[in-house]
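Reviewing the structure listed below.
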Amino acid sequence: MLKIKSNLLLVINIVLIAILIIFFALRILESDKKIVYVDSFKLFDGFVMTKEMKRVGEKEFNSRKSILDNLYSNLQSPTISASEKKELMQQFIQRKEELEQFNETFGAEQSTKIWSRIKSYTAEFSKDKNYLLVVGSDNKQTILFADEKIDVTNELLIYLNKKYEGL
C-alpha cells in the first residue's frame, strides 16, 4: 500500500512538473516581441542628436581649418621676413596639432554622449513596450538570423527623435 502511494505521488509530481514546464514554455512562446533587435548603425545615424553634433563638429572643424589655411597662405608669401616666417610656422604647427587633437577627441566624446542618450531613451522605450531585451547590431552583422517582425529600429528611431526634441 505504501509503495502504491509513493508511486502515485511520483506520477503526480511528474505530471505537475510537466504541466509547469509546458505552462512556462507556452508563456515564453506567446510573449510576442519581448525580444527585439535594432540596427545600431541606422539608429545612431538617424538620431537627430547625431546630426546636430555632426553639424557642430563640421562648423568647428571648418573654422579651425580656415585659420590653418590662412596661416599656410601667409607662410607662402614671399614678402614676409625670416623671423615672421618662423613665428607663423610655430603658430601653424600649434594650430595643426590643435586641429588634429580636435578631430581625435570631438568624435569620440560626442559618440559617447549620443550613445548614452540612446541607451537612456531605449530603456524608457523598452519599458513602454514591455520588451525584455533589445539587441543592437550593426547592419545585422552580429545577428545570424532575426525575423523582420522583431526589428523595431524605425519605431525606436521615431521614439528617440521625439524624446530628444521634447515631444
Side-chain angles (χ1 to χ4, degrees), residues 27-81 83-167:
R27 291 273 308 196
I28 289 170
L29 290 175
E30 72 183 21
S31 63
D32 186 34
K33 291 173 89 174
K34 295 294 180 186
I35 297 175
V36 294
Y37 78 93
V38 295
D39 183 328
S40 300
F41 180 76
K42 183 176 177 183
L43 197 65
F44 184 85
D45 225 32
F47 188 29
V48 171
M49 184 178 179
T50 304
K51 293 174 184 177
E52 286 179 2
M53 293 298 105
K54 281 183 180 178
R55 279 193 297 273
V56 168
E58 286 172 0
K59 184 178 178 183
E60 180 66 20
F61 175 83
N62 289 336
S63 172
R64 291 174 184 236
K65 177 117 174 40
S66 176
I67 292 169
L68 197 61
D69 290 344
N70 284 338
L71 284 171
Y72 183 76
S73 178
N74 290 340
L75 275 169
Q76 301 304 312
S77 174
T79 61
I80 62 170
S81 69
S83 64
E84 289 175 319
K85 195 168 194 165
K86 183 179 178 183
E87 187 178 322
L88 283 175
M89 183 56 88
Q90 287 174 343
Q91 288 178 15
F92 179 80
I93 291 169
Q94 180 184 352
R95 294 291 182 149
K96 187 172 186 219
E97 288 172 357
E98 288 172 0
L99 182 63
E100 289 170 358
Q101 182 66 33
F102 172 79
N103 279 340
E104 289 176 20
T105 59
F106 183 83
E109 289 171 356
Q110 298 313 312
S111 287
T112 300
K113 289 178 186 175
I114 292 165
W115 277 115
S116 176
R117 185 76 58 97
I118 287 174
K119 287 176 185 177
S120 166
Y121 290 167
T122 300
E124 294 174 29
F125 174 80
S126 298
K127 287 177 186 170
D128 289 350
K129 299 290 185 175
N130 293 318
Y131 292 143
L132 300 174
L133 178 67
V134 177
V135 178
S137 79
D138 296 327
N139 278 338
K140 300 181 190 174
Q141 295 300 313
T142 55
I143 295 177
L144 298 179
F145 172 78
D147 191 318
E148 294 296 320
K149 291 181 227 163
I150 64 168
D151 180 358
V152 296
T153 305
N154 292 332
E155 186 179 357
L156 178 56
L157 186 55
I158 290 167
Y159 182 90
L160 291 174
N161 288 331
K162 284 182 178 179
K163 192 82 171 161
Y164 180 73
E165 293 171 349
L167 302 176

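Quick caveat, the model's predicted, so the values are computed rather than measured. Residue numbers run from 1 in the order of the sequence given.
When all heavy atoms of E148 and Y37 are compared, the closest pair comes out as OE2-OH, 3.6 Å.
Residue pairs meeting the salt bridge (charged side-chain N to carboxylate O under 4.0 Å, His left out) criterion with at least one member in residues 113-126, sequence neighbours excluded, are E124-K163. Listed by first and then second residue, the salt bridge (charged side-chain N to carboxylate O under 4.0 Å, His left out) pairs involving residues 60-72 are E60-R64, K65-D69 (not counting sequence neighbours).
Atom-to-atom distance recorded for T112:OG1 and W115:CH2 is 11.0 Å, nearest 0.5 angstrom. Interatomic distance, CG of L43 versus CG of L160, reported as 5.0 Å (0.5 Å rounding). The CZ atom of F44 sits 13.0 Å away from the CG atom of D39 when rounded to the nearest 0.5 Å. Atom-to-atom distance recorded for Q110:CD and M49:CE is 7.0 Å, nearest 0.5 angstrom. Note that OG1 of T153 and CZ of F41 are 12.5 Å apart. Values are rounded to the nearest 0.5 Å. Atom OG in S77 sits 13.0 Å away from atom OH in Y72 (nearest 0.5 Å).
Legend: residues meeting ring pair (Phe, Tyr, Trp, His ring centres under 6.0 Å) with F61, ordered by chain and number and at least two apart, are absent. Applying the side chain to side chain contact (heavy atoms under 4.5 Å, CB included) rule to K85 yields the partners L75, I80; only residues at least two apart in sequence or on another chain are considered. Every residue meeting the ring pair (Phe, Tyr, Trp, His ring centres under 6.0 Å) condition with F125, not counting sequence neighbours, appears here in chain and number order: Y131, Y159.
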Distance-only donor-acceptor hits, side chain of residues 89-105, under 3.5 Å, sequence neighbours excluded:
unit_1, atom_1, unit_2, atom_2, d
Q94, NE2, E98, OE2, 3.2
T105, OG1, Q101, O, 3.0

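Using a distance-only test at 3.5 Å, with no hydrogens or angles considered, no donor-acceptor pair links the side chain of K34 to the main chain of L133. Without hydrogens or angle criteria, E155 side chain to V152 main chain gives no donor-acceptor distance under 3.5 Å. At least one donor-acceptor pair closer than 3.5 Å links the side chain of S126 to the backbone N or O of T122.
The number of heavy atoms from other shown groups lying within 6.0 Å of CD (E87) does not exceed 12.
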### Message
Run D45 and K54 through side chain to side chain contact (heavy atoms under 4.5 Å, CB included) and show every step you take.
### Response
CA-CA 10 Å; D45 225 32; K54 281 183 180 178; 3.2 Å; yes
